[in-house]
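First the structure, in the form of structure tokens, and then the observations on it.
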Amino acid sequence: MNARPKKSFGQHFLHEKRYIERIVSSIAPKPEDVVVEIGPGEGALTLPLLAAAGKLTAIELDTDLIPGLQARADAVGTLRIVHSDVLKVDFTALARELGAERLRIAGNLPYYISSPILFHCVDHAEAIQDMHFMLQKEVVDRMAAEPGSKVYGRLSVMLQLACRVEPLFTVPPGAFRPPPKVDSAVVRLVPLPPEQRHDGDPQRVYAIVKAAFAQRRKTLGNAVRQLMDAAAIEAAGIDPKARAETLAPLDFVRLAKVPTAV
């Protein structure tokens, strides 16, 4: 029996088989993998992922969905359901609990909370092998945007400093129940290896990126004036009259590493 999607949880259940198969093929789970699914819903992705991996941990907030999902999974493999808001799940601790060096995370993310979930996962990047998410296509475009693009911004910079961002394919509204009003897209995120990660202070980098893009039309010197002056920006080799969208992700790290009295 199909569950009634709840607007309060931003639920759109994937049902079209060819897109389900394409997502599972992109993830390509193996029996030795430790797979964690965010928001399994009715189990459209859960069951084929479980069949491939043999075991799976799912994080689900909606208690009404859990009994049916557990019952359907029992004949397929070992499903453990964590009843929780994903933003409260410590993925680093979960990896230790599951005996995994790193987790493989997947999910059809609710549009209204997708960015907070992405940032939460990035906070635990060292415990994650890769992530495969279905999101609003507009969000995936922003995630993968290059400097100079109209949609390049805070999300682009922060994710690209932590991960390789690889858009995979678009999924139309008709593949869901109920159909959303926009296209969706599947994206792969692979955390960067230690030797490719930046060595700036993460909080300082975030503060500068947030301020720089808060008012996109302002020059960098004006946008971050509460954090650093024009001389400090120039010390990083960057023109204070430039705008944030023209800077590469690592330029923000250079800004964050300049000593400043501001």
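In this text the structure is predicted, and so the values were computed from the model without any measurement.
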For residues [X] and [Y]: do they belong to one hydrophobic cluster (side chain heavy atoms under 4.5 Å, members Ile, Leu, Val, Met, Phe, Trp, Tyr)?
X	Y	result
V122	F213	yes
L159	L192	no
V165	I117	yes
I66	L50	yes
I20	L49	yes

What heavy-atom pair brings [X] and [Y] nearest, and what distance separates the two atoms?
X	Y	result
T219	P240	CB-O, 3.6 Å
D90	A93	OD1-N, 2.9 Å
P147	P249	CG-CD, 4.4 Å
T170	S184	CG2-O, 3.2 Å
V89	H124	O-NE2, 4.4 Å
D62	E60	N-OE2, 2.9 Å

Check your understanding: Please, which pairs that meet side-chain hydrogen bond (donor to acceptor under 3.5 Å, both in side chains) have at least one residue in residues 113-123, sequence neighbours excluded?
Key ->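 Passing the test, one end in residues 113-123: no pairs.
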Are any side-chain N or O atoms of [X] and backbone N or O atoms of [Y], one a donor and one an acceptor, separated by less than 3.5 Å?
X	Y	answer
R22	V171	no
E146	Y152	no
D33	V35	no
R72	E42	yes
R197	A162	no

[X] [atom1]: over 12 foreign heavy atoms closer than 6.0 Å:
X	atom1	answer
E101	CD	no
Q196	CD	yes
K55	NZ	yes

Check the orientation of Y206 and F119. Use parallel for under 30°, tilted for 30 to 60°, and perpendicular for over 60°.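 Perpendicular, since the angle between the ring planes exceeds 60°.
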Any chance you could measure [X], atom [atom1], to [Y], atom [atom2], to the nearest 0.5 Å?
X	Y	atom1	atom2	answer
Q215	R243	CD	CZ	11.5 Å
I208	D201	CD1	CG	9.0 Å
M131	Q129	CE	CD	11.0 Å
R164	R188	CZ	CZ	7.5 Å
L14	I23	CG	CD1	5.0 Å
M158	F252	CE	CZ	10.0 Å

Can you pull the ring pair (Phe, Tyr, Trp, His ring centres under 6.0 Å) pairs that have at least one residue in residues 56-88, sequence neighbours excluded?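 Every candidate ring pair (Phe, Tyr, Trp, His ring centres under 6.0 Å) pair involving residues 56-88 fails, so no pair, neighbours aside, qualifies.
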Measuring only between side-chain heavy atoms, which start at C-beta, is [X] closer than 4.5 Å to [Y]?
X	Y	value
T92	E126	no
R204	L227	yes
R104	I27	yes
V36	V82	no
M134	F176	yes
L45	Y19	no
K257	D199	yes
M143	V139	yes

*Residue pair V190, E166: steps toward the side-chain contact (heavy atoms from CB on, under 4.5 Å) verdict*: CA-CA 8 Å; V190 181; E166 183 183 351; 5.6 Å; no
Problem set entry | Check against side-chain contact (heavy atoms from CB on, under 4.5 Å), K137 and V182 | CA-CA 8 Å; K137 184 179 182 297; V182 294; over 6 Å; no
- Task: May I have the step-by-step check of side-chain contact (heavy atoms from CB on, under 4.5 Å) for S26 and V186, ending in yes or no?
- Result: CA-CA 9 Å; S26 297; V186 176; 5.5 Å; no
